[in-house]
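Lettering follows sequence order; numbering is per chain, from 1. Not measured: the values here are computed from a predicted model.
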Amino acid sequence: MSHSDQNLNLTLRVWRQDGPSDRGRFVDYKVNGISTHMSFLEMLDVLNEQLVAAGEEPVAFDHDCREGICGTCGVMINGQAHGPDNETTTCQLHMRRFKSGQTIVIEPWRANPFPVIKDLAVDRTAFDRIIESGGFVSVNTGQAQDGNCLPIPRQDQESSLDAAACIGCGACVAACKNASAMLFTSAKVSHLAQLPQGDPERSQRVVNMVAQMDEEGFGGCSNTYECEAACPAGVSVEHIARLNREYIKASFCSTAVPATKSK
Amino acid sequence: MSWLTGFLKSTVGRKFVMALTGLFLCFFLVVHLSGNLLLYVGGEAYDKYAHALHSNEEFLMLAETLLFAAFALHIVLAFTTTWENKSARKTGYRKTESKRDDRAFPLLLAPDYTMMVTGLVGMLFLIVHISDFKLEFGWGLEDMTPAQKAGLIVSDGTRLIIYMAGAIALGIHVSHGLASACQTIGFNHPKYTAGIQLVSRIFGVVVALGFSSFPVMAQMYPEWFQFVGTVTTGH
Ligand code: SF4
Ligand code: FES
């Protein structure tokens, strides 16, 4: 049996919290015979089957596509957002990254704007409100063939699409010591500012999105770049610099002021 | 909300002010260190420089006002943003580990994670430094040339510790601060970002070594710091 075919016996130290107002606590669970071919979420499925069989409440965690594209999953694994691999979501993380006998600490994303709903599931609607405040183009810009009619320099196209790769998982916030949402917000600002479709609204967009980001209670950016390292979509902090440029330009060279609206 | 209050209230706007004041203070460090290095050229060169600086009163006033304003803004914003950033996560993690593979130091010692500590040590040093050189508090420096004053102060044993701690703390502070300020005001491009990061680190080393060299050299080569000369009156 090769090393990667071994089965793992693990201790899971999982954050359990019955609901938003429960104080919560860590509980240790043992799971045995975990195949190294399993994903991290499949390992949690095994734990939950075990818990249900024992008549206990299963661990709540978010997931949907399980193929790394939807951004629904995400937990802190031994202090790292989405676990030890770069550019990998929790659902794409494999158990072969762990060793038998290891203790794995599993915590929810922590940030005031991401309150815990239950166990490992957090409320990320703060991100939706940031997008609602400006992460869109107000007019119909047509179909794919209309897009092909617009001359867009290849560099801008690539950079814009790199930013558009954000799946809104929240790992950037979770990994940041300030719980800052700058990487997420900048990804959307940068995606649209570099395309002709997004250009007309670029000033109002950045001003509104930054105002909403601040209002939600995310921290500021200290440029520690932990977000970039934790991001499963490989969104670069270059986009944060572009947000900064967009914001400074919008503030000093346009008439855009933040449209004040509350949550 | 007016555009300016909106800008200055936002996290991005305040970090912009932090960055601009920080860059201005970095520029000041360069000028300050260049002036100090004249001590190695000789007492006369240093005295000439000091005299030229102090004879231009309007310039001195303007420079000191600007410096004071920059320090005040930078420090006040440091406290408020740090407080806000800390309170953005009321419940912390049991365990945290970096995912960056290019970190040279563990998080507890990393320059970007210790900006508050290095800044505070730098600030305490600054208080002693201003009291020494500007207020000349408790030294009895009458009838001495600027070089003689400087020589006396940096040769003091307690100042060896305080000035070295200040220089090293500020060196660590700017090694992250310079590059961080560039990112905050929007300077980031594949063409030069690696360069900025390198310059920032070198600048940190220069600041730490440059400023600590004076008290250290004064202990090793006391004769270098005994300057002759008499005060020229009527300046
Ligand atoms: S920027 Fe990256 S880490 Fe942040 S929400 Fe988007 S995909 Fe997740
Ligand atoms: S479940 Fe969709 S990205 Fe992990």
Side-chain angles (χ1 to χ4, degrees), chain A residues 13 15 24 26 76 78-82 84-86 105 107 110-113 116 173-180 182 206-207 210-211 213-214 217-226 228-230 236-238 240-252 254-258 260, chain B residues 1-16 18-20 77-78 80-103 107 110-116 176-177 179-190 193 196-197:
Chain A
R13 187 156 297 156
W15 180 258
F26 282 98
M76 287 303 264
N78 281 338
Q80 295 178 310
H82 290 301
D85 286 336
N86 291 114
V105 182
E107 302 176 73
R110 295 288 191 195
N112 297 355
V116 172
V173 174
C176 174
K177 72 179 175 67
N178 305 339
S180 171
M182 280 287 273
V206 68
V207 162
V210 168
M213 175 183 85
D214 288 348
F218 294 104
C221 182
S222 299
N223 302 324
T224 70
Y225 303 162
E226 286 296 333
E228 182 184 69
S236 156
V237 294
E238 273 175 42
I240 294 184
R242 186 170 290 102
L243 178 146
N244 292 336
R245 291 199 292 275
E246 289 289 318
Y247 190 73
I248 294 160
K249 241 190 292 173
S251 298
F252 288 91
S254 87
T255 52
V257 284
T260 26
Chain B
M1 201 171 357
S2 100
W3 69 272
L4 193 60
T5 40
F7 180 78
L8 293 175
K9 265 193 189 160
S10 74
T11 47
V12 180
R14 276 177 299 156
K15 285 310 292 264
F16 182 64
M18 276 294 266
L20 286 190
L77 283 174
T80 54
T81 53
T82 305
W83 169 252
E84 278 178 25
N85 291 344
K86 285 259 173 295
S87 26
R89 176 176 289 131
K90 290 218 181 76
T91 316
Y93 293 109
R94 166 154 308 190
K95 206 170 166 186
T96 39
E97 205 159 311
S98 173
K99 275 187 93 162
R100 278 180 60 177
D101 42 23
D102 56 347
R103 276 198 183 280
L107 290 185
D112 53 343
Y113 269 62
T114 51
M115 289 301 273
M116 194 60 189
H176 170 69
S180 178
C182 292
Q183 163 86 357
T184 298
I185 62 175
F187 280 107
N188 181 321
H189 196 279
T193 293
I196 289 179
Q197 236 125 32

Subject >> Between A:V210, A:V237, A:V173, the one whose heavy-atom pairs under 4.5 Å with chain B are most numerous >> reply: A:V237
Original post:
Given A:M213 and B:T11, is the side-chain contact (heavy atoms from CB on, under 4.5 Å) satisfied, shown in steps?
Top reply: CA-CA 9 Å; A:M213 175 183 85; B:T11 47; 3.7 Å; yes
Subject >> Side chain, backbone, both or neither of B:R103 within contact of chain A (heavy atoms, under 4.5 Å) >> reply: side chain
Original post:
Does B:T96 offer a backbone N or O that forms a donor-acceptor pair with the side chain of A:Q80 under 3.5 Å?
Top reply: no
Original post:
Are A:V206 and B:V12 side-chain neighbours, meaning at least one heavy-atom pair lies under 4.5 Å?
Top reply: no
**OP:** Examine distances only and state if a side-chain atom of A:R242 and a backbone atom of B:N188 form a donor-acceptor pair shorter than 3.5 Å.
**Re:** no
Original post:
With no hydrogens and no angle check, is any side-chain donor or acceptor of B:N85 less than 3.5 Å from a backbone partner on A:G220?
Top reply: yes
**OP:** For the residue pair B:F16 and A:F252, categorise the inter-ring angle as parallel (less than 30°), tilted (30 to 60°) or perpendicular (more than 60°).
**Re:** tilted
Subject >> chain B contact via A:A81 - side chain, backbone, both or neither, heavy atoms under 4.5 Å >> reply: backbone
Subject >> Heavy-atom proximity to chain A below 4.5 Å, by part of B:D102 >> reply: neither
Subject >> Residue B:K90 versus chain A: region with a heavy atom under 4.5 Å >> reply: both
Original post:
Measuring from B:T91:OG1 to A:E107:CD, what's the distance to the nearest 0.5 Å?
Top reply: 10.5 Å
**OP:** Let me know if A:Y225 has heavy atoms under 4.5 Å from chain B in its side chain, its backbone, both or neither.
**Re:** both
Original post:
For chain B, which of A:S236, A:A175, A:C176 has the most heavy-atom pairs under 4.5 Å?
Top reply: A:C176
Subject >> B:Y93 OH: over 12 foreign heavy atoms closer than 6.0 Å >> reply: yes
Original post:
Of all of B:P111, B:C182, B:S180, B:G92, which one pairs up most often with chain A through heavy atoms under 4.5 Å apart?
Top reply: B:S180
Subject >> Proximal component of A:A230, with respect to chain B [non-hydrogen, under 4.5 Å] >> reply: both
**OP:** For the pair A:N78 and B:E97, evaluate side-chain contact (heavy atoms from CB on, under 4.5 Å) and give the outcome as yes or no after the intermediate values.
**Re:** CA-CA 7 Å; A:N78 281 338; B:E97 205 159 311; 5.7 Å; no
Subject >> Atom group of A:V207 that falls short of 4.5 Å from chain B, counting heavy atoms >> reply: neither
Original post:
Is there a donor-acceptor pair closer than 3.5 Å between any side-chain N or O of B:K99 and the backbone N or O of A:E226?
Top reply: no
Original post:
With a 4.5 angstrom heavy-atom cut-off, which part of B:H176 approaches chain A: side chain, backbone, both or neither?
Top reply: side chain
Subject >> Proximal component of B:S98, with respect to chain A [non-hydrogen, under 4.5 Å] >> reply: both
Original post:
By a 4.5 Å heavy-atom criterion (distance strictly below it), what part of A:R110 contacts chain B: side chain, backbone, both, or neither?
Top reply: both
**OP:** Decide side-chain contact (heavy atoms from CB on, under 4.5 Å) for B:R94 and A:M76; before the verdict, give the C-alpha distance in whole Å, the side-chain angles of both, and the deciding distance to 0.1 Å.
**Re:** CA-CA 10 Å; B:R94 166 154 308 190; A:M76 287 303 264; over 6 Å; no
Original post:
Within the side chain of A:N112, is there an N or O that forms a donor-acceptor pair under 3.5 Å with the backbone of B:S87?
Top reply: yes
Original post:
Taking A:A241, A:A211, A:A111, A:G219 one by one, which has the highest count of heavy-atom pairs under 4.5 Å against chain B?
Top reply: A:A241
Original post:
Are the side chain of A:N223 and the backbone N or O of B:A181 linked by a donor-acceptor pair below 3.5 Å?
Top reply: no
Subject >> When A:C221, A:S251, A:P113 are compared by non-hydrogen pairs under 4.5 Å with chain B, the top option >> reply: A:S251
**OP:** Mind ranking A:P84, A:S222, A:S180 by heavy-atom pairs under 4.5 Å with chain B and telling me who comes out on top?
**Re:** A:S222
**OP:** Measure distances from A:L243 to the heavy atoms of chain B and classify the residue's part below 4.5 Å as side chain, backbone, both or neither.
**Re:** side chain
**OP:** Go through A:D214 and B:S10 one step at a time and tell me if the side chain to side chain donor-acceptor pair (under 3.5 Å) criterion holds.
**Re:** CA-CA 7 Å; A:D214 288 348; B:S10 74; 4.6 Å; no
Original post:
Any side-chain donor-acceptor pair under 3.5 Å between A:T224 and B:D112?
Top reply: no
Subject >> Closest heavy-atom pair and its distance - B:A88, A:G217 >> reply: CB-O, 3.5 Å
